[in-house]
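All values reported here derive from a predicted model rather than from experimental measurement. Chain A is the first sequence line, chain B the second, and so forth, proteins listed ahead of strands; every chain is numbered from 1.
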2 protein chains.
Amino acid sequence: MADQTSECSGPTRVTIKDLAAELGLAKGTVSRALNGYPDIAEGTRLRVSRAAERMGYRPLAQAQAIRTGRARSLGLVLNAGRSDAHKPFLTDFLDGISRGASEESWTLTVATAEDEADEVATMARLIDERKVDGFILPRTKMRDARIELCRAQSVPFILYGRTGDTTGCAWFDISGEDAMHDAVLRLAGFGHRRIGWLGGMPDYTYTHLRRDGFLAGMAAAGLVPDPSLMADGVFTVEDGAVAGLRLLDHPEPPTAVVCALDVAALGLYRAAARAGRAVGRDLAVISYDGSPEAATADPPLTSYAVDTRAAGRALASMLIARIRGTQPEDLRQVVPARLIPRASDRLSTPIPDAPREAAVPVSTRLA
Amino acid sequence: MADQTSECSGPTRVTIKDLAAELGLAKGTVSRALNGYPDIAEGTRLRVSRAAERMGYRPLAQAQAIRTGRARSLGLVLNAGRSDAHKPFLTDFLDGISRGASEESWTLTVATAEDEADEVATMARLIDERKVDGFILPRTKMRDARIELCRAQSVPFILYGRTGDTTGCAWFDISGEDAMHDAVLRLAGFGHRRIGWLGGMPDYTYTHLRRDGFLAGMAAAGLVPDPSLMADGVFTVEDGAVAGLRLLDHPEPPTAVVCALDVAALGLYRAAARAGRAVGRDLAVISYDGSPEAATADPPLTSYAVDTRAAGRALASMLIARIRGTQPEDLRQVVPARLIPRASDRLSTPIPDAPREAAVPVSTRLA
DNA sequence: TCCCTTGCCGAAACCGGTTTCGGAGCGAAC
DNA sequence: GTTCGCTCCGAAACCGGTTTCGGCAAGGGA
């Protein structure tokens, strides 16, 4: 009503009506030709698509949306509340999603929330206004309110991570459990027998998985995990420092520690410095995330890296497939993390309390 | 007339037609009532808006868009190419925008690009498909292709930063120049006379502004800047280490350094360690950004902090105002950064070559 | 009383697409 | 020569809103 300001006379969009007039066809025919309906002659289809190309016709997404119910937009609700371990990867993640989406001429709608209730409310609003056709749900929990919302509203979604109740769930994830399993075997292969554990944020699925992977790795290496060398809920540098100090103050301290997160490892570095232990010399550390800080740490931190950009891209195209009707059971993918070996897990001094001749992996059961 | 409850196969949205039927009005009337047209009786308007509230009516943004041309969506194109200093703030930034937008029931559409050409192409696509009504342009340059695109297409935009040609530009920015000016005066107040400079990324406007602020501060303090103590193009930790080493190797090294970016300061920390100088004891450092790393650095880094979340929020609401017709000249705001004094700029030893009685322009006294 | 405003609302066009329906044209089968 | 069926397209309804236009009724001045 009021404004009608400056922006007059943009280069007038070419609409489907213009196209139809140019071709001497009905606009319905043009629409069907463009959308690949079977009742259009091949020659006509070609003529139409060529003219569309030539005239630079781009269908208006909103106009399509009101009839088809598809906004051609992917939703992503970020939790901006607490300190969030995946912040440094956010740009890569967004980049991956954005590229995956724009390959199909879809777009990405981002919203933020400060807690779980807010997340659900925000998602509900986006659904209600039909702003998005589906959601990418990062950082999944074993029991996740967002998933329940999507299920209840029958809105398509894909998990970046896994969850407890998998009915109707599609997901893409990195196998943190395999990485942790592998990490233990690697350390055991170096001769370590007392291996500690710093786990991640509670609630999240990945925490359970990585922990399970650690335990499975210990079992596979023929080692018995010592509960007093295991700490959970370690997801900041400070947490890592505190928990690390506790481990190192142990009467029989670990010679190696597996961390579920790089930040925990970085905290452990601090603890080691305070406890007079030197990472990479008399304490081996392996971690998970592949964050940039790991590379510049001293000593450089061996870590299992996640290709967050690729994950974003995969999630986008999988979600689009899901929206287009692919069954969720056919959209489940777990890929391995990539080990980036650096200096933190190769000790320069002999491992204390580790018999030089110790047969390493599965065979002997020690102590 | 069977009423709609959320039942199987998708909760049926309540449309404007439903509302009209319920009220016994024409849907055009309902629309005008909701949109505040003057030709609707006050009583009717009330009745309508109450019913809309009660029935949970939410206009479908896409349907409105096709007539009004407004998608009620803000566009943000992120450059995911090179190492980007504002990555750590991205979550806050998105959160601010998202909140500012959702206060008015707008949404945020995010896309990424890897270089300037790609940015412009991505924006063109969003404009072309009318996915967004306007853009937030972060990290502006003195001469910025994105601004030229927006001007050429007459699509509303707002800068997070400033630029050379201000015609038609609205912006929100933090006064980096005032901060740097203030930093110099603060250091001069502590008695420093040889003050170095580590500037930021070239091309970007903020780099020029902060540099100008530094120089203005020097002038105001009655000091003559020494070009051999000034380095520019320092925007990674590595750059900072290299440039810092050069400064500290100077025959007459600076006793204090002002940095345009926290990362540069962190690099300077490394250089100082290597050069046998101790930040906070015999080298004062002040920086700009207020990044979390600054707080945990050793010694904690004095820095001018930017409230990125508030900036995002302001940008969102200003852009919406711009889209609604407010003139760009009325949407220009520059707010000060906030000094977070920590240990890095208060030396514990006397400043070499600095007469104790040095006259300083401001009234600050050493305790 | 008549006419002219003015306030308020209904009806319908419109936005740019999609989808349904029906029918023209044409070749083949009976 | 019909009839049938198939291919291919036009016409129109539709989606959920907005905006224009016109007209009815009440009110006021002559």
- Considering all heavy atoms of both residues, which atom of L137(B) and which atom of M123(B) are nearest to each other, and what is their separation? CD2-CE, 3.8 Å
- Message: Please report the distance, rounded to the nearest Å, between CZ in R67(B) and P in dG16(C).
- Response: 9 Å
- Q64(A) atom CD is separated from dC15(C) atom P, nearest whole Å, by 18 Å
- Task: Take the protein atom CG of L60(A) and the nucleotide atom P of dG16(D), then report the distance between them rounded to whole Å.
- Result: 17 Å
- Taking atom types as modelled and ignoring hydrogens, do the side chains of N79(B) and E114(B) form a donor-acceptor contact shorter than 3.5 angstrom? no
- Closest approach of F157(B) to C150(B) (non-hydrogen atoms, all atoms of both residues): CD2-CB, 3.4 Å
- Task: Can you tell me the distance, in whole Å, between the CZ atom of R72(B) and the P atom of dG17(D)?
- Result: 11 Å
- Query: Could you state the CG-P distance from L19(A) to dC9(D), rounded to the nearest angstrom?
  - Reply: 15 Å
- Message: Pairing donors with acceptors under 3.5 angstrom, does anything connect the side chains of T109(B) and S73(B)?
- Response: yes
Could you list, one pair per line, each protein nitrogen or oxygen that sits under 3.5 Å from a nitrogen or oxygen of nucleotides 23-27 of chain D, together with the distance?
none

- Roughly how far, to the nearest 0.5 Å, is CG of L34(A) from OG1 of T29(A)? 11.5 Å
- Query: What distance do L25(A) atom CG and R47(A) atom CZ have between them, rounded to the nearest 0.5 Å?
  - Reply: 5.0 Å
- Query: What is the distance, rounded to the nearest whole Å, between atom CZ of R70(B) and atom C1' of dG16(C)?
  - Reply: 18 Å
- More than 12 heavy atoms from other groups under 6.0 Å of CZ on R151(B): yes
- the helix from dT1(C)-dA30(D) to dC30(C)-dG1(D): angle between its terminal axes, five pairs each, to 10°? 70°
- Short side-chain N/O contact to dG17(C) OP1/OP2 from R13(A), under 4.0 Å: yes
- Query: Which of residues 22-45 of chain A sit near DNA chain C, with a heavy atom under 4.0 Å from it?
  - Reply: K27(A), G28(A), S31(A), R32(A), N35(A), Y37(A)
- Identify which nucleotide among dG17(D), dG17(C), dG16(D) has an atom closest to any side-chain atom of I66(A), counting heavy atoms from C-beta outward. dG16(D)
- Query: Quick one: OG1 on T205(B) to CZ on R162(B), what's the gap to the nearest 0.5 Å?
  - Reply: 8.5 Å
- Round to the nearest Å and state the distance from E129(A) atom CD to dG17(D) atom C1'. 14 Å
- Compute whether any side-chain donor of one residue and acceptor of the other, for T308(B) and D92(B), lie under 3.5 angstrom apart. no
- Query: Of all heavy-atom pairs between A61(B) and A71(B), which one has the smallest distance, and what is that distance?
  - Reply: CB-O, 4.4 Å
- Run the numbers on R70(A) and D133(A) for salt bridge (Lys or Arg N to Asp or Glu O under 4.0 Å), then give the verdict. CA-CA 6 Å; R70(A) 293 260 171 83; D133(A) 302 315; 5.4 Å; no
- Atom pair distance, as rounded to whole Å: NZ in K17(B) and C1' in dG17(D): 11 Å
